[in-house]
Each structure stands twice: as structure tokens, then as C-alpha cells.
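Quick note: numbers below take in every heavy atom, side chains included, and nothing from hydrogens, waters or symmetry partners.
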Protein chains: 2
Amino acid sequence: MKKRYPVLLAAALLAQAAAPAQTAPTEPKPLLGFTTATAATEYQHESAFDAQLKADNLRQWMKRLAAHPHHVGSPYDKANAEFMAGLFKSWGYDTRIDVSYVLFPTPKLRVLELVAPTPFTASLAEKPVAEDATSGQTSEQLPTYNCFSKDGDVTAELVFVNYGIPKDYEELERRGIDVKGKIVIAKYGGSWRGIKPKVAAEKGAIGCLIYSDPKDDGYAQGDVYPKGPFKPETGAQRGSVLDMPTYPGDPLTPGYGSTKNAKRLDYRQAPTLTQIPVLPISYGDALPLLSALAGPMAPEPWRGALPISYHLGPGPAKVHLQLAFNWNTEPVYNVIATLKGRQLPDEWILRGNHHDGWVNGASDPLSGMVAELEEARAIGELVKTGWRPKRTIIFCAWDGEEPGLLGSTEWAETNAKDLQKHVVAYLNTDNSDRGFVRVAGSHTLEKFFNEVGRDVLDPETHISILERRRAFDLVNGTAEVQKDARERPDLRIAALGAGSDYSPYIQHLGIPSMNVGFGGEGEGGEYHSIYDSFDDFVRFKDPTFAYGVALAQTMGRCALRLADADVLPFEFQNLSNTVGKYGTEVKKLTDDMRTETERQTKLLAEKRYEAASNPDHPLLPPKAQDAVPRLDFAPLDQALLKLEQSAQAYAQARKANATPLAASRQKALDQLLYQAEQQLLSAEGLPRRPWYRHQLYAPGFYTGYGVKTMPGIREAIEERKWPEATEQIKRTAAALERLAGQVNRAAAVAGPAAL
Amino acid sequence: MKKRYPVLLAAALLAQAAAPAQTAPTEPKPLLGFTTATAATEYQHESAFDAQLKADNLRQWMKRLAAHPHHVGSPYDKANAEFMAGLFKSWGYDTRIDVSYVLFPTPKLRVLELVAPTPFTASLAEKPVAEDATSGQTSEQLPTYNCFSKDGDVTAELVFVNYGIPKDYEELERRGIDVKGKIVIAKYGGSWRGIKPKVAAEKGAIGCLIYSDPKDDGYAQGDVYPKGPFKPETGAQRGSVLDMPTYPGDPLTPGYGSTKNAKRLDYRQAPTLTQIPVLPISYGDALPLLSALAGPMAPEPWRGALPISYHLGPGPAKVHLQLAFNWNTEPVYNVIATLKGRQLPDEWILRGNHHDGWVNGASDPLSGMVAELEEARAIGELVKTGWRPKRTIIFCAWDGEEPGLLGSTEWAETNAKDLQKHVVAYLNTDNSDRGFVRVAGSHTLEKFFNEVGRDVLDPETHISILERRRAFDLVNGTAEVQKDARERPDLRIAALGAGSDYSPYIQHLGIPSMNVGFGGEGEGGEYHSIYDSFDDFVRFKDPTFAYGVALAQTMGRCALRLADADVLPFEFQNLSNTVGKYGTEVKKLTDDMRTETERQTKLLAEKRYEAASNPDHPLLPPKAQDAVPRLDFAPLDQALLKLEQSAQAYAQARKANATPLAASRQKALDQLLYQAEQQLLSAEGLPRRPWYRHQLYAPGFYTGYGVKTMPGIREAIEERKWPEATEQIKRTAAALERLAGQVNRAAAVAGPAAL
């Protein structure tokens, strides 16, 4: 099912890939969804759009928006929303601020002490830096904390749990260490932070600390701020610990909008709050705690870059953690700016980025927000020349993303029906710096995005951003990535997990979505700290805002092409190729687990673990596991075949009929296309988290940010729930069959057979 | 050629491997080289031998021998030799002390200063520890230094070069860093230490520092001495930097014995001394130097566990290094204790371990030396009961191993002719601690060793040391090692590189050799420091000396079986299997290099490296390489086939004729067998290092300790010397054909056809 490029074609593609890096196009290249004539016009609009973009606007807006802390509930958060609304209005957009009312806890009390073997009180404070103009705005800054931690007052021995993900606890168990009744300390990384207290609580821990090890974003990575961009000794990462893999958005209004008078859960019953208190700390505060641990050495990969022997505990380090929060409800201000389409006003292109930050939030989120503003301004300028998009373009600036996608989720839930009916695609950005384009999203838009990437030049190398990314993949990629980059005409885009505002659109509503940014050259340790400032950004991230402009060129093109295409540029063969790959992966996962289980079972029976253990550092055998059965993947294979056939049928239909369709047929086709993604939703949603309805993409229940593709199947296998895996194979197959049906209908409408 | 176990046999072996861990044999198992009757007698002797072994003897001797520093030239070195000679004599051995006279430089002046940007003077002194009785013997200790560094007085900017091996310099070049005229600082590890100044000098550096990063054997591995066994802040690793991959032994007498009046080179012309001054330092002394470096960040895998950002330089750190040595000639005292064989006195079993240490040398070398002493004592006790070995057993206690295998090499060179004529096998040990048996050696002895390992019990688990090692391989091994451990009846022993006294015997004289030790549970950072003491050993290495006794059981069995076998227990099918593997490896190496060269050439042509480079941290493209030709491996394949056939013929001949041979035939067969290994020597030796004559095993020219199998072929390929590779394929094939001829002759003498 997977092999899509026969040998001869592959050779041709190779030759194509090997062509010298291209410069700006001299004659219009074909554009998906356009005729030669309409493509030429489109290119003219895009040139005019590009000509409008000014790096200095991005710089000035970032400076203005990052001038003060602008978290949810802060005066500057509201001021920023109003400032941006004013800009959109001034550029001709029909603009409003939509307000939701969400739970937003802030710290009332934070105490962290080492009470044994020697007393130490953690400072829990980031040190202002003279070279950073806003780092000293102490009275306006939110202290370091994890949002949606519960209140608590606990004292217990400490245990070091690496990243605090399930397999780390397996390692602890093999060393005879139980965290029941203990406080755990986990490193940032390895999963989304909210997973750490969730798993710790499942294992019986009563408190959780999360610290930033200097190995990950401190001195081990490079010079620390302000000498370099990496995390200084007192830097700590704020952040949400909401159980977003269950559902994002206001924890008190699961699945519906948190309008002023909506029915709300009592916050003490909200299922997405943590079960235990949790606090993020700096490596300066973590050092005395970790130094005071004894017990077995941590496994080698767990050890960080502090100048200590990393022991696991428990104890003798004993810790007192006390946290209390203000459980306030706060307004979040979503700015919604609409430019109505001329021909198809009921088809909406949504373009969004959040505007709230944890502190001054220059990189996260303003780097993407200012690009979006400039896109809106430039399109406003195009409108002044008499052009108007065929479809409606809506610019959104979300509030409350940081605590848990609050603004975007509540807006999506409030307007769910309209959005599913009208939205063609949701285009998201968030923090973005410099280097290589990173794209994730619906694979129905993969080919479309490749055309966009082909037509935007990289500011540093002056080759297309697509070819620069291909070079990166060819030079640095895994064998699989290199093979893709060499043999596949299109860059394979990644799948969307969680981590920004696209989540409700794609995973809850089935709206085709994309998330785009540049990265790889703007590394640093400022994330969610007081050091994510304008000063930091212009020194280390994107000093000339050239990549901000490139991002605007990229996202502006996406919006313009989607808005003006004759036929919406969806394509299903790339999707079918990638989904086929997911199918292969889940089968291989099962086979690999079976082989490993057989190996372990044999080693257990032979008592090899006991024989291989070092009596001074004993390692218990792993737990015995039941054999992995042979799962029936036939329904999935059949559905994948149907999808492949339907994708081919649609491609042929489009090819055979390049002339513009009649308006009514075009509208019908558009709707079939952009609602195709909704066929992938299941009514029941994923097991134990019905909010997530997409059968192809979801954040991992135990990884958080990281996407699990075919999540129903994959997680059932990973968690060894075999009957559920079989059930999910059928459910995912059914979703793919629904999609194939929709694509066949689209082929029928598009193709000459239907004429 | 490689596949040796057809499916049915593999299944049978699997069943065997899966059998429950065995206990001590209840009835005699067959023994290679013995009949059922003679095996029974042999087992009786071995039981009597085992019964003699007393852990307390090992403890007392180690305490006595490690009581003072006992390096070459020290009074206690000589005293130890005389003490041991006295012991051997008292046990009935014909004992003498053979003396060679070797160059042995010791420090006269050691200065290391940071002169810019801020001054710092390195202490270059290890701190005594109250808990360690001998660590304060400062006046007797050799200071920390690298033996055979040249004198020098240099001042230059510093560059961090990771492990200082050739591929590290490729990385530096890609970052635009040239070490010409600089002083380099390298971490210990990644190669034998002598490679670091050798490569640095080749690259134009004028001085070299080697430091122990805490990541490798300091606090990152565990608590430091005396709390735990790892390297404390002031600990430094002494050690030789002689260019041993060119030739070991006295640098002034290459290839011949350094007897009193031997002709000697001027030390200033000796080719195996370093070209630049080199000094080992502690991480305490390295920290200010490394902290003062700027320039690009070191690649991630290069970074250690110091709490700094590891920059590469060059500078602004500027270093002054001044070294001067006493270029003295010193006597080295080899103790040689002989027990003459009753029937075949002209066939010698050599058993050796060195006795000199860098300081108190408890683990290195006394842990192995005291086991050897106890073997000799126990065999002496057997002799008192009326038994006497069939063949001659010679116990050797070498001096001057640490500076460069001086004692053993000079003795081997002095007695080369006799040794090649008489020695059946050389059995070596060196430092040994606790855990899992580690064996390397001639693969003609692999099956023999497996029988020995089958019959010795592991002190911790009470299964055989072989099964314990198999458990380790099954649980922790790479996929390839796991497969071997699961499917192969015999543990695959490793090949010998350099690193201890076996080197002259196997690699220069072609004498079958083995090196054995226990390890994996006695980790620490005491190596070549003042902390390698009796106190350290009994706390962290082998507190009860149970593994010392296990080592004596193992090596005693090796000596006894070789001495008393009816027919020497050499076997060639395991050898053929392993050599076939080497053949496959060198072919794969060539193929992999070809693929990678093609990939790089394409990426270079397409300018992908430039496109993937980060302008802030530029990475130059790698150097273009010529395409890798197709080498003609046919001579090797043919020789491997002949070897396989001859091995099979010998096995069949032995099987068909289990009855004892007539004495003259037995003697002829023995000689054919133990001189078989000499067929693998080439008269010319390896390219650019004629002292190394073995075509299958040599230390890597650019790795040092690490073995290169089929070194002529492998290194020619690695260094892209294609005509030389072709030449070496022929030369190695010729050696294998000579061996096959010898094995066929042995088969003819052994087999019934010859009756």
C-alpha cells in the first residue's frame, strides 16, 4: 500500500530533486486549483502582497506588544487586544473582540523548602538582567508557576523521575523504587509538562516539581542569557499543566463555550486540573535538592549537566511544597477581523495566532502574531487597489492560549456549527524564529503547501524555503527522512499534535488545519520566562525580522491562494500515501512489541535478568507481559485501498477537467472538499477522551504535545488493550471509508463524467 | 561463507542455550584434547587445584605488593620482584629474574599555566585522602605525567579537540578551526591516550593536554572517592604515550632485546616518542582552562559534565606548558618461574601478568598478579602430591608494562626464536575486578575457553561464568551480540588489540594468546592514580577476593588443561566462523563507505551543505572524496573457503580418531597445532609498522587499544588507500591459505587416513 512511486518515476523525481537550487520563478508555475490564466493573476496579487511587507512594522509592533507582561487577566493583555483590533479596523476589516470567561488560577502562595538533610529555601524568582529592558518589571510579572496545579501543602521524601513519563517509572520499579507518598522531581522535556504531574499522581506521588536541567536549555547548550540565549541559573519555565490530552479549553465548560452565563463545573471537580500540587523551578533551585538525594544512581540517559552525581532517592532529601492559588474567572479577548469574500462569502479562510504571553512573550507568541498583523495589513492594501478575495478571510488573535488554548477552544466550541459549515481551512502560527520551515497539518493540504514553499525565498540562502528545508533533511535527517527528501517530490509535512490553537479546529471540529513556523537557528532557553523579551528576540531570534517577513509571505500566500482558487486546492494522493505509512507503522509497532515480548518472556523464564544483574546495583526483572496477539488489520487495509482508489479518481477527474466549473458545481465541490476532513471524525471520539474526535491525529495521552497518528489504534496497542485495538482498527477504517466516499463524490462532481 | 549453523542445528542449540542454568558438573563432560579416561583424571586434578585456592592469600599478597608505589625504577618495584621470586622458589619453581635495561623518563619539571585571559596555575597534584592509607606517600609517588612525552616549552592558544582522534579534527575543520601552532586539550577516552598527541602533532599542534572529564569517570558516573569509587576533582590519569601501534617495548631497541650492551638509538631519534609535549591533568585543573575558551560550541556529543558551555576556541584561553624529563635508563625485572613438564618438556605454557604499577597499582596490575601467584602456589601443591604436568608451565611476572609493555616485549624479543619453537600458548591477565568474564584471544582457543568457562562457577550467582556472561549478552547486548548468545553454542571471544603484555606474543611472534578478566561491577575512576590502592580495591572492586579466586580457577584450568591434554585443544571451525565474519565486515565497510561517499558527493554537487548551514554557526561542507572503487575480494573469499574446508577436515580427523596417538605422532601434531597461528604472520608485517606481523589482529594505528581485525585490509580501506587494500587482501588471503595448509597437515597427522 505504501509504495507510491514506481522505479521510473522515482528516477525522474531524483533528477528533478537534483536540479540546481531554484531562484524566483521567471514564468508562472502551475498552481493547484487555478488555471494557467487565473494562476498568472494570482501571482500578480502575490507580488503586490510581497511588495507591501515591511520588516520594520513587525519590529515596531513586537516592541509595542511586548513592552509589558500580557498574560490573561493583565491590563496589558486587554490593551494589546484593543490595540490590534484598532489596527485591523484601520486596515478595513470588520473587527470585533469576542470575550469568553475562563478559569485562570494565579499563585497566592508558593513555598518550596528542603527540610532535610540540610535546610534550604528555594528562591522561586527569576533575576532581572540589566541588558534586558523589560526583565525588571517584577510587579507586573506572573511568578513562576504551573497553571492549573491544584492547591496543596505536602512534605515528603524526594524521588528523581527523569522526565516523569510512564517508561521512567518502569525503570524506577526495576530499581525497587516506589513514589507512593513521595514528592517527585522531573526534568522538563520528554513530554508535554502536564503529563508529569498526571503520571506522578497515577503512581501515588503527592507532589511534583519540574525543573529545567542545564543540559536541555542551559549552559550545556551554550552561553546563558544575557551573554548568550540559554537559560540562566534562576530561569524557570512557567506553563500550563491542564490535562489537555483529555480536553483543552476552560476546564469548567468541557465541549461548549464558556460564555458569560454558561453552566460551569466547580473547579474542585474539573477533571483536567492536576491531582497533586506541581511547581516549576530553576536549576539554581533544583541543585540543592538533587544534590541531597542518595539511593541508586539514575540511569545514564537520565543524568543532566549539573555538577553532581544524579541519584534517584527516595530521600534523604525531604521537601516541603506548599501552593495556594487565586481561583479567579477572567475574560479572554479574541480579536476577530473579517474581510468578506466577493464570490463565495460563506467559505471562510481562518488565520490565527495567539496574543497572550506568559510574561512579555516576544518570541512566544508575538513573533507569529506580528507576521499575521502584517499579512492583514498587506491584504488590506490590496483591497484598496480594488481587488477583493473570492472567499472570506478571517484574521484571529487568540487570547488565553498559554493556560490551555482557552481563547481558541472556547471560540471554536461556541461557534462549532458555523465553523464546520463554513471554514475551508485554519492556518495557525505561534512562536517562530529563524532557519528552516516547519510545517504540520492536514495532509490533504500537503501538496498545496509544497507549492507555497516553492514560491517563498529563504532570506539567508535565497533558495526557496522548501529547498532549504529539503537540504536540511538531506544533510541531517534520519535515513527515512533522507529517503523522503531524495525520492519524494513533495516535502512530507508532519502531523498535528497539540501545543497551539489549531487543536480545537482540527481535532475537535475536523477542519483542515496547518501550523507553520521557522526554526533551527534561533535556539535559546527563554521559553515562558521573563527573558522572552524584545531585547532577547532581536539579539538571538530574528534580529532583522527577515524570517518574520518570510512567515508573512508564506502564510499570506496560503490565505490568498485558498481564498482565490477556482477549485479549492485539496489533494488526496499525498494523504493516502502518508496514511498508508501510518498503517504500516501500527502494524510494525505490533510486530515489534510481539518480538520484544517474546524475547522478554524467554529471558524471564530462563532467569537471565537475575543472572545479568549486579548485586551492588540490583535491577529487578521487568514485569511479565501477556503475548501480543495477531490483530486483524484487514479492515484498515481495505479502507486504505479504497482511499487510494478514491484519491486517484479525484486526481484523474481534476486532470481531465481543467476548465472552470459552473458556479454551483464549484461551490458544491468546494464544500465536499473542505468538509472531507470531517469524515475522519468519529461521533464517539477517542476512548476516554471523547472531545478528541479525529481518527488520524491527536496529542498522545501520555506524551501531550507529541502527535499520535491513528491514535485510537496506536495507543490501544501501546497500552496493550487488544480488544480496544481491534475495535479502533474498525473505527479508523470506517472513518477512512467515509473519507473515500466523500472523495469519490468530489471526483464525481469534479470530473468530466459528471458533466 | 558466514552462515555456519543450518536451521535444525540452530534450533537444537537454542534448546541447549535455553536449558536451566547449570550447577557444578555431576559427571565429567567431554574435554577437548582428552579421552573420557584422561578427562576424568584431569577433573580430579582440577578439583584438587580448586581446593587449594585461598582468597586470603590474594588479599595478603595484594596488601604487601601495593604497600608502596612500585613503578619502574622504584625500590619497591625491585623488592616486589624479589618477593615474588622468593614465593615461586618456595613453591618449587625453577625461578630467575631476567633483567632488561630500558629507557624510562620521569618528570623533572611540569608547568601548566593559563596566561590569558586570566592567570591560573594548575596544581598538577592529586590530593591524599584520609580514608586511604597509601594515598599520602607523596615522596614515593610518581607525579602525574605522560611517559614518553618529549620535553618542551610552549605557549599558545588552546583548542578543545574532544577525544583528539582523526574524525574530531574533521569536525573542527568543518567549523573552520585549525590547530596549527595551538595547544590542544583532549578528553581521555575514545582511543588509547597515545593517539591524542600523535594525531595532534600530525595536525600541527605544538602541545597537548589530556584531562579526565567527570562525565567519563568522575561525578557524573557516581559518588567520587572516598565516598564512592569515582574520580575526585584532583585525580589524574598517568600513562604511557609511546607510539605503541608502531611498536611497543623499549623505544631504543626496536625489534630486539634491550640487553645490557644492546645497540641503542639516541632517545631524541626514537620514532615512538611523541613529537610534542603532552601532560595529563585533573578536571579540577581543566575547568579554568575550558571555561576560558570562546569560539563555536563543541558538537553536542563532545560536551562533558563540567558546569560550563563547552566552546572549541581557539583562545582567548592561552596556555603555557613546560615539561622536562629525566631520560634515564632503568632495569626492569621479569620474574620467570618454570615447572618442567614430565613428558613434553619442550612444549611450554606461558602464564603472565605484570607487576609494575603507576603508583600503588592495586587493581592495575595486582588484582591479576595475585591470582597468578595463587595459581602457581596451588599447582606447586599438586606437584607435592606426586603429579607433574605433561608439558612445561612457566609463570611470568612482567615489569615495565605500564610505560609500554617494556618487560614482556624485551623478553619476547630476546627469546623470540625459542618462544616460537616451544610456546603452546600465552595466557595473560591484568587488572580484573568483579562481574562478568571478558575473554579475548586467538580464536583457535575459543572452544577450549568455552569449556573452561563452563566449568568455573560465578561467585555471585553460582551459575557458570560462561552462562553468566551469556545472560549479560542476552539482556544487554546489541542485536548482533544477542543473536550470537542465543544461537551460537560457544561464546564468541573478542580479538586482541593492545593494552597488555600479550601483544608481543600474539602480534609479533604469532603465539596463540588469551587475555581474561572479570569486570562490569567494579567500576571507578582510580585508574593510574594514587587512588588505585588496596583500600580502594577492597571497598569497591572485589572485597572478598572471590573473583580473584574465580580468576585463578579459570586461568589455572587453562594452564592445567593445556599442559596435560593428550592432544592440544586447538580447534579451527570457530576460528573459520569468526574470520569469515571479519571478511564480511571489511566488504560491508567498503560498501558503506561507497554509499556514504556517493551521498556526500551528490550533496556537495547540489550545494546542500551550504543550504543546510546556519550562518550564525557555519558548518563548511566536508571535503570531497574520490569514489570508492570495487575491490577484488576474490582471493580472500577463496582463502576463507579453504580455511573452512581445512577446519572441517581437522574436526573430522579428530572425531574419527579419538584414541591416543603414538607419542611421536602426538608431538608432531602438537607442534603443527600450536605453530598454526604463526602461519598468520607475514614476513613484511603491516604497512608502516613491520613489528606487527599478524594478519588478523593488531591495535588500530589510530585507535591504539582497540583491535582492528584484518588490520592490513581494514585500515587501508579506512584510510582510502585502495591499491594498498588490494595488496593487503592478497597478503591476508595468503596468510589464511598458509594456515589452511597447516591445518590440513594437522588433519593428516591426526586422522585415521594417516594411520
Side-chain angles (χ1 to χ4, degrees), chain A residues 17-21 214-215 218-224 227-228 230 294 297 300 303-311 434-436 458 460-461 463 467-476 482 486 520-522 540 599 602-603 605-617 619 621, chain B residues 17-21 214-215 218-224 227-228 230 294 297 300 303-311 434-436 458 460-461 463 467-476 482 486 520-522 540 599 602-603 605-617 619 621:
Chain A
K215 184 170 188 176
Y219 53 72
Q221 293 298 324
D223 293 324
V224 303
K227 188 178 177 196
F230 291 97
M297 278 294 287
E300 191 132 6
R303 303 173 197 167
L306 291 170
I308 58 166
S309 305
Y310 283 77
H311 290 278
R434 203 158 38 93
F436 304 92
D458 174 69
E460 286 167 351
T461 59
I463 61 178
E467 284 305 303
R468 187 157 197 235
R469 173 57 195 258
R470 192 188 300 278
F472 180 90
D473 289 354
L474 286 169
V475 171
N476 303 308
Q482 283 186 36
R486 181 60 73 190
E521 299 182 349
F540 298 116
R599 173 180 169 269
K602 189 173 280 181
L603 293 178
E606 295 167 354
K607 302 204 177 302
R608 302 286 192 185
Y609 291 104
E610 290 86 338
S613 174
N614 177 350
D616 279 3
H617 307 290
L619 206 56
Chain B
K215 184 171 187 175
Y219 54 72
Q221 293 299 322
D223 293 325
V224 303
K227 188 180 177 196
F230 291 97
M297 276 296 284
E300 190 130 7
R303 302 172 197 166
L306 291 169
I308 58 167
S309 305
Y310 282 77
H311 289 279
R434 204 159 36 94
F436 304 92
D458 174 68
E460 286 168 351
T461 59
I463 60 177
E467 283 307 302
R468 187 158 198 233
R469 173 57 194 259
R470 192 189 301 278
F472 180 90
D473 290 354
L474 286 168
V475 171
N476 304 308
Q482 283 186 34
R486 181 60 73 192
E521 299 182 349
F540 298 116
R599 173 180 170 267
K602 189 173 279 179
L603 293 177
E606 296 167 356
K607 300 202 181 301
R608 302 285 190 186
Y609 291 103
E610 292 86 338
S613 174
N614 176 350
D616 279 2
H617 306 289
L619 206 56

Specify which of [options] makes the most heavy-atom pairs with chain B at under 4.5 Å.
| options | answer |
| --- | --- |
| Gly228(A), Ala611(A), Gly304(A), Ala605(A) | Ala611(A) |
| Glu300(A), Lys607(A), Glu610(A) | Glu300(A) |
| Gly520(A), Ala220(A), Ala305(A), Gly435(A) | Ala220(A) |
| Ile308(A), Thr461(A), Asp458(A) | Ile308(A) |

Contacting region of [X] [heavy-atom separation from chain B under 4.5 Å]:
| X | answer |
| --- | --- |
| Arg599(A) | side chain |
| Pro307(A) | both |
| Phe436(A) | side chain |
| Ser309(A) | both |

Hey, is the main chain of Val475(A) close enough, under 3.5 Å, to the side chain of Arg608(B) for a donor-acceptor pair? no
Are [X] and [Y] packed together at the side-chain level, in the sense that at least one heavy-atom pair is separated by less than 4.5 angstrom?
| X | Y | answer |
| --- | --- | --- |
| Met297(A) | Gln221(B) | no |
| Arg486(B) | Leu603(A) | yes |
| Glu606(B) | Leu474(A) | yes |

Test of understanding: with salt bridge (charged side-chain N to carboxylate O under 4.0 Å, His left out), list the residues that count as partners of Glu521(B), not counting sequence neighbours. Arg434(B), Arg468(B)
Taking only residues two or more places apart in sequence, or in another chain, which ones meet Tyr219(B) in a ring pair (Phe, Tyr, Trp, His ring centres under 6.0 Å)? Tyr283(B)
